[in-house]
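Just so it is clear, the structure is predicted and the values come from calculations on it, not from any experiment.
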Amino acid sequence: RGYISWQMGEGAESLQHVDLVLQKNSVAHAESFVWIAEMVFAASSQMVGQRGRAIRFLDQRLARSGPVHEVRRRNRLLWTQVYIHLMEADLPAAELAQHRLHEAVERSGLPYECARADYMQGVIHLNCCEWEAAVDFLARSAERRFIYHWRAAADSLVGLMLAYRALGRDEEASEAMRSLQEFVTAQDNTGMDVLVMSSEARLSLLEGTPGTARRWLAAREPLAEGFPLWWIDVP
């Protein structure tokens, strides 16, 4: 309930449910439930305007996560800090939090975690209009797209396309667009065709040929995509 409320943008209700989970935290609970509860508690705190509380909570939890078997949990807590600063549009704070995440991920050497960190670093550079750096990190994340969270992997390709276009590297932007089309098709998720259409429309506008965007607008409005929190492209 807390997770669903967070996805629906109902931060206060999310906090009520997730706080109960954290109060009942014991060895009887699956570790993954606790990790999710911690992340959602912090993210929902930010959602209701309590960023300071969210960051303090995460720091307290990080101080308790020492054992090797908690590497993934620690990385997710650090990732949540980056996410919270991005939601606040505080790019300097996000960059500092990302530095901590990068150091932790480098020590863990886990490919999935590395892809996750590269994606977040790429998003930060994209928001700072640092196109070359965005290309470097988003390309690394996109290379791991078949082992990574598929929605973030698709988003890496969208960001890569935008960064290439901003650099005037139109051929590479088109290639990133083709990779996105192929990747989404391979997921066998017709509901995500809207992501491809949205990205095609955006690229056509950036290229000064708005025909694709006009055709999309003239078509029947697609169903809204859920969970549009930090994605670069939200149709």
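Atom CG of residue Asn75 and atom CH2 of residue Trp35 lie 9.5 Å apart, to the nearest 0.5 angstrom. Expressed to the nearest 0.5 Å, how far NE2 of His125 lies from CD of Gln98 amounts to 8.0 Å. Rounding to the nearest 0.5 Å places CE of Met161 at 5.0 Å from CG of Leu203. Taking CD from Gln46 and CZ from Arg53, the interatomic distance works out to 12.5 Å, rounded to the nearest 0.5 Å. Atom CZ of Phe41 sits about 13.0 Å away from atom OG1 of Thr80, to the nearest 0.5 Å. One distance of note links CG of Asp155 with CG of Leu180; it measures 9.0 Å at 0.5 Å rounding.
With no hydrogens or angles considered, a side-chain donor-acceptor pair links Arg215 and Thr212 at under 3.5 Å. Side-chain atoms of Gln81 and His85 include no donor-acceptor pair closer than 3.5 Å. Side-chain polar atoms of Gln181 and Glu200 form a donor-acceptor pair below 3.5 angstrom. Checked by atom type, the side-chain pair Ser5/Ser14 shows no donor-acceptor distance below 3.5 Å.
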Apply the test side chain to side chain contact (heavy atoms under 4.5 Å, CB included) to residues Gln16 and Leu20: give CA-CA distance (whole Å), side-chain angles for both, the deciding distance (0.1 Å), then the verdict. CA-CA 7 Å; Gln16 292 177 8; Leu20 290 175; over 6 Å; no
Run Phe137 and Tyr119 through ring pair (Phe, Tyr, Trp, His ring centres under 6.0 Å) and show every step you take. CA-CA 7 Å; Phe137 284 97; Tyr119 167 70; over 10 Å; no
Output, in order, the C-alpha distance, side-chain angles, deciding distance and verdict of side chain to side chain donor-acceptor pair (under 3.5 Å) for Asp136 and Gln121. CA-CA 10 Å; Asp136 289 343; Gln121 186 69 63; over 6 Å; no
Should Arg144 and Asp118 be marked as a side chain to side chain contact (heavy atoms under 4.5 Å, CB included) after you check the CA-CA gap, both sets of side-chain angles, and the distance that decides it? CA-CA 10 Å; Arg144 296 189 175 101; Asp118 285 341; 3.2 Å; yes
Determine, stepwise, if the pair His149 / Arg116 fulfils side chain to side chain donor-acceptor pair (under 3.5 Å). CA-CA 8 Å; His149 184 292; Arg116 191 187 193 99; over 6 Å; no
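Within a 6.0 Å radius of CD1 in Ile4, other residues, nucleotides and ligands contribute 12 heavy atoms or fewer.
Using a 4.5 Å cut-off on side-chain heavy atoms (C-beta onward), Ser199 and Leu195 make contact. Residues Leu22 and Arg61 are in side-chain contact: their nearest non-hydrogen atoms beyond the backbone lie under 4.5 Å apart. The closest side-chain heavy-atom distance from Leu167 to Glu172 is not below 4.5 Å. A heavy-atom distance below 4.5 Å is found between the side chains of Pro92 and Asp90. At a threshold of 4.5 Å between non-hydrogen side-chain atoms, the residues Leu15 and Val40 do not count as touching. Contact check for Ser141 versus Tyr148: side-chain heavy atoms found under the 4.5 Å cut-off. Counting heavy atoms from C-beta outward, Phe183 and Trp150 have side chains that approach closer than 4.5 Å. No side-chain heavy atom of Val18 sits under 4.5 Å from any side-chain heavy atom of Arg1.
A salt bridge links Arg76 with Glu113: at least one charged nitrogen is closer than 4.0 Å to a carboxylate oxygen. Residues Glu143 and Arg140 are not paired through a salt bridge, judged by the lack of any N-O separation under 4.0 Å between the basic side chain and the carboxylate. Electrostatic pairing of Arg100 and Asp59 counts as a salt bridge here, judged by a charged N lying under 4.0 Å from a carboxylate O.
A side chain to side chain contact (heavy atoms under 4.5 Å, CB included) with Ser174 is found for one member of Arg169, Glu207, Arg165 and no other, namely Glu207.
Using cut-offs of 30° and 60° for the angle between ring planes, the Trp6 and Tyr3 rings count as perpendicular.
Neither Leu205 nor Val158 shares a network with the other; the hydrophobic side chains, linked directly or stepwise wherever heavy atoms of I, L, V, M, F, W or Y lie under 4.5 Å apart, form separate groups for each.
Contact between Cys128 and Leu91 at its shortest, heavy atoms only, is SG-CD1, 3.6 Å. Closest approach of Ser45 and Ala54 over heavy atoms only: CB-CB, 3.9 Å.
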